[in-house]
Amino acid sequence: MRFNVAAAAASAALLVGNAYADEQKVLKDDSPAADASTAAAAELPTFTPTKLKAPFLEQFTDDWEKRWKPSHAKKDVQGDEEWAYVGEWAVEEPVVYKGMVGDKGLVVKNAAAHHAISAKFPKKIDPKGKTLVVQYEVKLQNGLECGGAYLKLLRETKALHQDEFSNTTPYVIMFGPDKCGHTNKVHFIFNHKNPKTGEYEEKHLNSPPTAKITKTTELYTLIVHPNNTYVIQQNGEQVKEGSLLEDFTPTVNPPTEIDDPKDKKPEDWVDEARIPDPEATKPEDWDEDAPFEIVDEEATQPADWLVDEPQTVPDPEAQKPEDWDDEEDGDWVAPTVPNPKCADVSGCGPWTKPMTKNPEYKGKWTAPYIDNPAYKGVWAPRKIKNPNYFEDKTPANFEPMGAIGFEIWTMQNNILFDNIYVGHSIDDAKKLADETFFKKHPLEELAEVADKPKEEEKKPASPNDLNFKDDPVTYIKEKFGLFVTLAQKDPIEAIKFVPEIAGGLAALAVTVLAILVSILSGGSSPVPAAKKVVADVKDKAKDAKDKVAAAASSGVEAAKGEANKRSTRNN
């Protein structure tokens, strides 16, 4: 049997090419872009108002203006400066990555402006002894570089007027994302009432979770249990949990002891642990005036140093400007450039001996340090009982809340708030999310993927740059292509430069012949003659493979030899 290398390689390459095309089709069909394209073509779900009930549940239906009132107050700041909440609000569907038809939300309309709006609860919400659940959606349609997107649950008071809602309006809880510069966090702040003084103090969550800054809808959930534990979720997944008594600054309960403000450090108190040795003296041979560097007297001028060559020369390519006037501008002098003759030598111009570190240099003498025999330790005032100490074992019993509000400043507009839940049922909050967020969020994500620019396919410079493990299909296809191209001109060269394909083809030939012999023998066990044929072919294939390896080795050695020659010439 004659083995036509070029023909076999072409056939194998065709098979691999078809397999490659099939795989690319599968990859294309399974890619996010393909899913995004399919999702874009599919019909979006339609918003349907929920039938769930809660102390407060807002989906910004057509009657939203009966509940929500923009503030017209002026924000109080220190000093003489005052400014008003001039930011406008609207209720509308999203314009970026829309995931549900008819799902409207409350939208911040102005960039670089102060916004304030609030809605009163049908009746006050008293979380005492109950689980408190706060959940809402945020959609940053223009991203968020600097601004807040948090909500406030306002304390129930007789003075709670929506028209005057501002930064000074007392609130119980502040929750939600806030980003500006390096600051990016999900706020959880609560105001705690001191049972002894009646004063309120903000308690800030330590190490708050990071807000997800994206143009898709994000779901934020806060759950506070009566046992003082809390959970924060993003998109239904827990990102933070802990205790109101342990995770906030300042702490809910003050320390039992404090430093005595009347205790002062004695004047003779010694708190220097180490001092210069008072008995140490400067050695007689210590020379403080010795220079740090001295001339290296052993240095010699390099043999290739060009003493007569200047370090810079007039630029030979410079030309006198056409508008140069010698009478007004003076004689024109070409600018200088580094002397090219100095580039490949040690240096040019007058040679002087370099400086080297002075072995006699010691610097200014100072006495060594020793342990201070008079050291008394670090002074600290004595402790006394804290006269303002109290213990609140149930900080989760927040003050009653009468309204919800958004009081924010932001550099980006089109921030959308939607599907707000404030109540006591974790299950109902989850059901609301299932009806709204979890229906539209996957579609928004697919739309976001489809909107991203496609990355250009990175192709290797040559088949030799390919790695089988990185992409087996491309590796085989490109190697076969190279083998066929070389084999059409010179089969021996093809074997030398692509030995892995030559060996593979030999093994392929053995397999094909074995199948043919099996078929000719009637599909049963091969007859002895057929076995002999297969054995002979296998031996020939092994011999061919050995020759391929030898040819490849000689090809590599020849290439190395040629490279060494080029390297020697260059040197």
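Here the structure is a predicted model, which is why all the values come from computation and not from measurement.
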Do the side chains of [X] and [Y] get close enough for a salt bridge, i.e. N-O under 4.0 angstrom?
X    : Y    : answer
K383 : D259 : yes
K240 : D247 : no
K430 : D434 : yes
E448 : K215 : no
K51  : E435 : no

Hey, could you give me each pair passing ring pair (Phe, Tyr, Trp, His ring centres under 6.0 Å) that has a residue in residues 211-255? Not counting sequence neighbours. F188-Y230, F188-F248, F190-F248, Y230-F248

Can you tell me if Q59 uses its side chain to pair, donor with acceptor, with the backbone of T50 under 3.5 Å? yes

Apply salt bridge (charged side-chain N to carboxylate O under 4.0 Å, His left out) to [X] and list each qualifying residue two or more places apart in sequence or on a separate chain.
X    : result
D392 : none
R67  : E58, D63
K196 : none
K152 : E407

Side chains of T249 and N206 only: does a donor on one sit below 3.5 Å from an acceptor on the other?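 Looking only at side-chain atoms, N206 and T249 do form a donor-acceptor pair, the distance falling under 3.5 Å.
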
Over 12 non-hydrogen atoms of neighbours within 6.0 angstrom of [atom1] in [X]:
X    : atom1 : result
K124 : NZ    : no
K203 : NZ    : yes
F390 : CZ    : yes

Could you pull out every donor-acceptor pair under 3.5 Å between side chains of residues 142-151 and any protein atom, sequence neighbours left out?
unit_1 : atom_1 : unit_2 : atom_2 : d
N142   : ND2    : N413   : O      : 3.4
N142   : ND2    : N413   : OD1    : 2.6

Tell me whether the rings of F406 and F417 are parallel (<30°), tilted (30 to 60°) or perpendicular (>60°). parallel

First locate atom CG of L106, then atom CG of L416, and finally report the distance between them rounded to the nearest 0.5 Å. 7.5 Å

Would N372 and E272 satisfy side chain to side chain donor-acceptor pair (under 3.5 Å), going step by step from the backbone distance to the final call? CA-CA 7 Å; N372 188 352; E272 291 84 12; 4.6 Å; no

